[in-house]
Each structure stands twice: as structure tokens, then as C-alpha cells.
Amino acid sequence: MASLKRQALVLTLANAYTRALGFVLRMVSARLMGAEAMGVMELSSSAVMLAITPVTSGVPTAMSRLTAQRNADTTAVLRSGLSLVKRLSLLLTPAMLLLSPGIAWVLGDLRTLPAILMGLPLILLLGLCTVYSGWCYGRNDMDTPALSECAEQTVRCVLTILLLLRFAQRDVALTAALPGVAEIAAGLCVWMLFRRQTPRMGHLAPDPGIRRELFRLTAPTTAARLCQTVLRALNAVLLPACLRRSGLSQAAATAQFGLLSGMAMPLLMLPGIVTGAICMVATPAVSRQEGQHTRLRRTMRQLLLSAWGVGSVVAIGLFLGADFISSCLYREAALAPLLRLMAPAALLMALQQVQFGLITGLGVQQKALTGTVLASLLNLLVTAALCPLPRIRLYGAAVASLCGTLMRVIWNACILRSALKRVTVMPLYVPHLL
């Protein structure tokens, strides 16, 4: 457990640095861009994430799992992972390029097109970086991904602020695309850093067997994430439309969407500073402890209790500090009541993130797909029902997000309990976590 704590500490420090920079970036961006441009950026982000998901979702944990196995040829695993991502990128990038005008039209705002185009190079760049990260995690090398994460966020933060200072307020579409330019430059820096720290692949061909195994491991998670991302994109289309039905103009509806997605949601994800690190170390740790029943139960219990504690602290802090955050940091008075309503989501997201790491480590992630789809559909339905009401509007989206997240936590808990029953009966005080 000491090794896990050390690994989690390294990633936590890196996450703390990147999240702190990210928080500063969000705050500065909100002031420089304005809520409307931030709303356009978030709309385009929902489409870009749809293209990026197949090359990033599940890849780090699958790479970590295969690399951590005994007698694994780690170089062959890395070579096969890179080959898989390159093949997928060769399909996704041209398809996204051809479909981008239609996607912007479906999103209901053609101003999203420049930001969508800026996301195309990220498909390959982020895919390669996630392969390298998962490979390092599987080898217990937490320092390289941590350093890369810090470098990526530093470059992205500095370039985004410089670009916004130079070009912001000229045009909403241009302003919304500027962070994408900075992200491309940051991705290139991280890719080059990983290449310097990992072995050369030479001219050896990838192992088709390992590549198929990687695809098998990533497929359930990718399918679940794709469903979630598709439904998120639908929600990005639905929410502004519902807000317009409630009586708001297009500009006001886009600004409200930016308030929720660009300001409130990043704050609710603050527990990820710690739980993201816990999730990444949980997957290889649980994989190594399969068959060691007592150690496995103890490790899972400690990781979930840690997530519970971190999420509770952040949720309470956001609830009590909502007025200060909205008035002093973001200068958006409408953010305070939204934060107070959504504060419990910080706890739920913390638990969900660690649950995902445990589920992946146990190799039962395919069972989470149904829960992910149902939770996303619930989110969509509640949004459609509540947001058009003039007295509720954006608060309906907040309630929908809480309902969907709670459902995923409960579903994942049932999966973990079922998996643990094959080991032994858990203590009575654990079920509310599992």
C-alpha cells in the first residue's frame, strides 16, 4: 500500500498543479472571452470529444493492465498500442473533416466550425499521448506522465492567455477557437517529451495479438464513453434549444450554457486532482492483486474511502464558498445558486471516478455500459422536461446532471458488489461506498 500511496502522491501533486493552472485559466478565460464565446467553445468541445473518444477512452487503463501483467513484453505492448491509435486516427480525422460543417449546423451555431477544425490534430496527438501514459502507469513510472501533464498544462495555459489577450473580443467564433490552437501546441510538446523518455520502436511490426487484446479491453469503455459523449452532444444541442423555448434569446441561451459547462462543471471536477490519481493507480494495483482476496478487499475499501473524503470536502467547500467564487473569481452572480445546487455532484463524481478505476482493474468494465447509457438518457430526459420551464431553466440542467451522476454511482456500486461477492462477503459498513 505504501507504493500505491507514493504513486498516488506523485500524480496528485501533478494534478494539483495542472488543476490549479486550469482553474486560473478558466477564470481568466471567462473574463477575456465572455460567457457567449465560452458557450460556443463548449458546444464545439462536445463534437470534438466525440472524435477523440475512440482513441483516448479506455486506452490508458488497457495499456496499464497489459503492461503490468507478469512476463509482459512491455515494448511490444507499447508498439501495438501506438499502432492501434494510428489506425483509428487515419479513419477518424478525415471523417471529422468532412462532417464538420454538418456538425456545426446540427449544433445550431455555425460559429462552432473554427473550434471544431482546431480539434482535428488532437485526435492523433492525444491518442498517442494516452498510449504512452498508460504504458508508463503499467511500469510503475508515475513521474513521466506527471511531468508531461504539468508541461502540457503550462504550455496550454500560457499560450491560451496570450492568444486571448491578442485576439479576443474581435469575433466570437475566432475567440472560441483560440484555446484549440494552444491545445495543439501543448499536445506536440507532450508527444515529443514522451518520445524522449520511451524506447525506440525500430522497424519491428506490431503484434496483432496484443493489438486485438488492447482493442478488446478498450471496446467496452469506448462504447460506454461514446454513448455518453453522443448523449452529451445531444444535450449540448438540446439545452440551448430548451433555454430558447423558455424565452431566452440565442445569445442569452449560449451564455447560460457557457455558465454551466464552462464555469460550474470544472469546479465540480476539482476532486479529480486526487481521485484522478487514485483511479490511475487503482487499475494496475487491482489487476496485480487478483487472486489475493484479502489484499484486494482492503485496497478497494481504502481507495473508495479516500474518494469519499476528498469529494465531501470539495462539495462542502463549494456550497459554503459559492458567493465568493461567483462574485470575486468569476464575476458572475448567477453562478452562486447554481453551485450551491450542484455541490453534491462533486462527491458523486469523485466516487464515480475511482469506481471506474476499480471496475477496469477487475476487467468488468463492459458491465458498466448499460448503466452509462441509462444515466445519460435520464440526464437528457430531465433536461428536456425541466429546462423549457421559465421558472427553472438552467437549474433543470443542474438537476438532470445530479440525477444522471447518482444513477451511475449506484450502478457501478452494484457491479463492484457483484464482483466482490465472488471473493467473499464485504463488511457491513462498506455497501454505501460500493
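Counting from 1, the numbers follow the sequence of the chain as shown.
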Compare every heavy atom of A253 with every heavy atom of P240, then report the nearest pair and how far apart it is. O-CB, 3.7 Å

Heavy atoms of G404 and L378 approach each other most closely as N-CD2, 4.4 Å

Can you name the residues that form a side-chain contact (heavy atoms from CB on, under 4.5 Å) with P344, not counting sequence neighbours? L402

Between S46 and L43, is there a donor-acceptor pair closer than 3.5 Å when you use the side chain of the first and the backbone of the second? yes

Any side-chain heavy-atom pair of S29 and M38 under 4.5 Å: yes

Is it the case that the side chain of T67 and the backbone of S64 share a donor-acceptor pair, with hydrogens and angles ignored and the cut-off at 3.5 Å? no

Main-chain N/O of V40 paired with R111 side-chain donor or acceptor, under 3.5 Å: no

Tell me, which pairs form a side chain to side chain donor-acceptor pair (under 3.5 Å) where one or both residues lie in residues 82-106, sequence neighbours left out? S83-R211

Closest contact, heavy atoms only, Y17 versus T154: OH-OG1, 2.8 Å

Could you check if a side-chain atom of V314 sits within less than 4.5 angstrom of a side-chain atom of L318, using non-hydrogen atoms only? yes

Would you compute the distance between atom CH2 of W411 and atom CD1 of I359 and round it to the nearest 0.5 angstrom? 11.0 Å

If you apply the rule side chain to side chain contact (heavy atoms under 4.5 Å, CB included), what do you find for W135 with R139, and how did you get there? CA-CA 7 Å; W135 184 78; R139 299 175 68 248; 3.3 Å; yes

Is there a side-chain contact between P114 and L174 in this structure, where contact means two heavy atoms from C-beta onward sitting under 4.5 Å apart? no

With side chains defined as the heavy atoms from C-beta onward, is the minimum distance between L107 and I116 less than 4.5 Å? yes

Would you find a donor on one side and an acceptor on the other, under 3.5 Å apart, between the side chain of T130 and the backbone of G127? yes

Between V28 and L164, does a side chain to side chain contact (heavy atoms under 4.5 Å, CB included) hold up when you go through it step by step? CA-CA 9 Å; V28 174; L164 288 176; 5.9 Å; no

Any donor-acceptor pair under 3.5 Å from Q355 side chain to V409 backbone: yes

Between R393 and S246, do the side chains contain an N or O donor and an N or O acceptor separated by less than 3.5 Å? yes

Should the heavy atoms of other residues, nucleotides or ligands under 6.0 Å from CZ of R244 be counted, would the total exceed 12? yes

Using the side chain to side chain contact (heavy atoms under 4.5 Å, CB included) rule, take R166 and L163 through it: C-alpha gap first, then chi angles, then the decisive distance, then the call. CA-CA 5 Å; R166 179 66 179 83; L163 289 170; 5.8 Å; no

Counting C-beta onward and ignoring hydrogens, is there a side-chain heavy-atom pair between T160 and L178 closer than 4.5 Å? no

Under 3.5 Å, is there a donor-acceptor pair linking the side chains of Q353 and T275? yes

Is there a side chain to side chain contact (heavy atoms under 4.5 Å, CB included) between V85 and L82? Walk through the geometry before answering. CA-CA 5 Å; V85 163; L82 294 174; 6.0 Å; no

How many angstroms lie between atom CZ of R340 and atom CD1 of I325, to the nearest 0.5 angstrom? 10.5 Å

Any side-chain heavy-atom pair from P54 and L92 closer than 4.5 angstrom? yes

Rounded distance [0.5 Å steps], CG in L243 versus CG in L394: 6.0 Å

In short, L259 meets A334 closest at the heavy-atom pair CD2-CB, 3.9 Å

Do S45 side-chain atoms and M41 backbone N/O form a donor-acceptor pair below 3.5 Å? no

Check whether any side-chain heavy atom of F257 sits under 4.5 Å from a side-chain heavy atom of E42, and report yes or no. yes

When every non-hydrogen atom of T383 is compared with those of A400, the smallest separation belongs to OG1-CB, 3.2 Å

OG of S261 to CG of L239: how many Å apart, nearest 0.5 Å? 7.0 Å

With distance as the sole criterion, is a donor-acceptor pair present between the side chains of Y132 and T144 under 3.5 Å? no

For D109, is there any backbone N or O sitting under 3.5 Å from a side-chain donor or acceptor partner on T112? yes

Under 3.5 Å donor-acceptor, S133 side chain and C129 backbone: yes

Hey, are the side chains of D323 and L339 touching, using non-hydrogen atoms and a 4.5 Å cut-off? no

Straight-line distance of I210 CD1 to L217 CG, nearest 0.5 Å: 11.5 Å

Rounded distance (nearest 0.5 Å) linking atom CG of L348 with atom CE of M342: 10.5 Å

Would you kindly say whether E149 and T18 are connected by a side-chain donor-acceptor distance under 3.5 Å? yes

Shortest non-hydrogen separation from V354 to A307 and the atoms involved: CG2-CB, 3.5 Å

